[in-house]
J.: 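Supplied in structure tokens, the structure appears directly below.
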Amino acid sequence: MTSLLAIALFWLMTGISAQTYKNVALRGRATQSSIFYNFDTGYLSNAINAIDGNLNSKFGFGSCSSTNNDYSAWWRVDLLEPHKISHIIITNRGDCCGDWLNGGLILVGNSDENNGNNNPSCAQINVISTGSTQTFQCNGMIGQFVNIILPGKQQYLQLCEVQVFGVPVAILPIPNLE
């Protein structure tokens with residue numbers, strides 16, 4: 001009987017319609033490998049700027065995040081609990097440097113080991129032009145952490161908005177069938 005209940009719950013959780021997916025990043029906690037500080041303007045480009053709901057792609061308006069010129073720079077949002085992720089929408093910086101995101105990886109998973117950078121890949125950012133917004137399908141991957149990393153590159157990682165569309169999922173214990 002327990003296994004039938006677990007199977008029924010599994011089917012209910014995986015049968016979620018696309019209309020129920022919401023931008024769950026808005027309630028998350030963001031962090032990144034470092035924080036770029038513009039000495040001329042006094043502007044701190046905090047990780048949370050990329051999940052503030054502001055789609056403005058102009059860097060100087062406080063709506064974008066940026067790391068320093070790090071090796072394998074990364075940005076992460078902790079969704080606070082596991083979610084079934086449908087898709088992720090990224091808005092790139094619009095006033096310059098659009099090609100800096102090219103080659104980036106989007107990772108989704110439940111591990112915070114190595115700052116979440118060991119989680120499975122949802123997608124690669126091949127080309128995203130300056131100021132563009134692009135959608136990346138994750139096809140129901142489950143994870144609490146969503147990372148964007150520029151692996152093996154010495155580069156600033158700049159994101160003007162990251163929207164993560166998903167629904168919370170309960171991680172059910174596997175019933176003992178003995």
J.: Check whether any side-chain N or O of Asn147 sits under 3.5 Å from a backbone N or O of Ile149 as a donor-acceptor pair, and report yes or no.
T.: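 Answer holds: no.
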J.: Just how far is it from atom CD of Gln124 to atom CG of Asn126, taken to the nearest 0.5 Å?
T.: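 Here the interatomic distance stands at 5.0 Å.
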J.: Give a yes-or-no answer on whether the side chains of Thr91 and Thr133 include a donor-acceptor pair shorter than 3.5 Å.
T.: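 Their side chains do contain a donor-acceptor pair, which is all the 3.5 Å distance test asks for.
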J.: My understanding is that only residues two or more places apart in sequence, or in another chain, count here; which of them pass side chain to side chain contact (heavy atoms under 4.5 Å, CB included) with Cys97?
T.: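 Per chain and number, Cys97 pairs via side chain to side chain contact (heavy atoms under 4.5 Å, CB included) with Arg93, Trp100, Gln158.
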J.: Decide yes or no for Thr67 and Trp75: does some side-chain heavy atom of the first lie under 4.5 Å from some side-chain heavy atom of the second?
T.: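 A side-chain contact is absent here, since even the closest heavy-atom pair is not under 4.5 Å.
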J.: Going by distance alone, is a donor N or O of one side chain under 3.5 Å from an acceptor N or O of the other, for Ser111 and Asn118?
T.: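 There is no such pair (donor and acceptor under 3.5 Å, judged by atom type) between the side chains of Ser111 and Asn118.
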J.: Between Gln32 and Ser65, does a side-chain contact (heavy atoms from CB on, under 4.5 Å) hold up when you go through it step by step?
T.: CA-CA 9 Å; Gln32 58 195 28; Ser65 70; 3.5 Å; yes
J.: Any side-chain donor paired with an acceptor under 3.5 Å for Asp70 and Ser34?
T.: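 Note: Asp70 and Ser34 side chains meet the donor-acceptor criterion.
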J.: Determine yes or no for a side-chain-to-main-chain donor-acceptor pair under 3.5 angstrom, with Gln154 supplying the side chain and Asn69 the backbone.
T.: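 Here the side-chain-to-backbone pair exists.
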J.: Hey, can you tell me if Tyr156 and Phe36 have their rings parallel, tilted or perpendicular (30° and 60° cut-offs)?
T.: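 Ring orientation, 0 to 90° scale: perpendicular.
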J.: Looking at every non-hydrogen atom in both residues, tell me the closest pair between Glu161 and Gly53 and how far apart they are.
T.: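 In this case the closest contact between Glu161 and Gly53 is OE2-N, 2.9 Å.
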J.: As an exercise, state the distance from CD1 of Ile125 to CG of Leu159, rounded to the nearest 0.5 Å.
T.: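 Ile125 atom CD1 to Leu159 atom CG measures 7.0 Å (nearest 0.5 Å).
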J.: Looking only at atom types and distance, does a side-chain atom of Asn49 sit under 3.5 Å from a main-chain N or O of Ser63, one as donor and one as acceptor?
T.: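 No; zero donor-acceptor contacts below 3.5 Å.
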J.: Going by side-chain hydrogen bond (donor to acceptor under 3.5 Å, both in side chains), name the residues that satisfy it together with Gln144, two or more places apart in sequence or in a different chain.
T.: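 Gln144: side-chain hydrogen bond (donor to acceptor under 3.5 Å, both in side chains) contacts with Asp78.
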J.: To the nearest 0.5 Å, how far apart are CD1 in Ile106 and SG in Cys138?
T.: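 These two atoms lie 6.5 Å from each other.
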J.: Taking atom CZ of Phe145 and atom CG of Asn119, what is their separation to the nearest 0.5 Å?
T.: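 Atom-to-atom, Phe145:CZ and Asn119:CG are 8.0 Å apart.
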J.: Working to the nearest 0.5 Å, report the span between CD of Gln134 and OG of Ser129.
T.: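 Nearest 0.5 Å value for the CD-OG distance: 7.5 Å.
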J.: Looking at every heavy atom in both Ile51 and Val162, which two are closest together, and how far apart are they?
T.: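 Shortest heavy-atom contact: CG2-O, 3.7 Å.
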J.: Would you compute the distance between atom CD1 of Ile85 and atom OH of Tyr21 and round it to the nearest 0.5 angstrom?
T.: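 Taking CD1 in Ile85 and OH in Tyr21, the distance rounds to 8.5 Å.
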J.: Closer than 3.5 angstrom, by distance alone: can the side chain of Asp52 be matched with the main-chain N or O of Asn54 as a donor-acceptor pair?
T.: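 Pair found, side chain donor or acceptor close to backbone of Asn54.
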J.: Apply side chain to side chain contact (heavy atoms under 4.5 Å, CB included) to Asp99 and list each qualifying residue two or more places apart in sequence or on a separate chain.
T.: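 Applying side chain to side chain contact (heavy atoms under 4.5 Å, CB included) to Asp99 gives Asn102.
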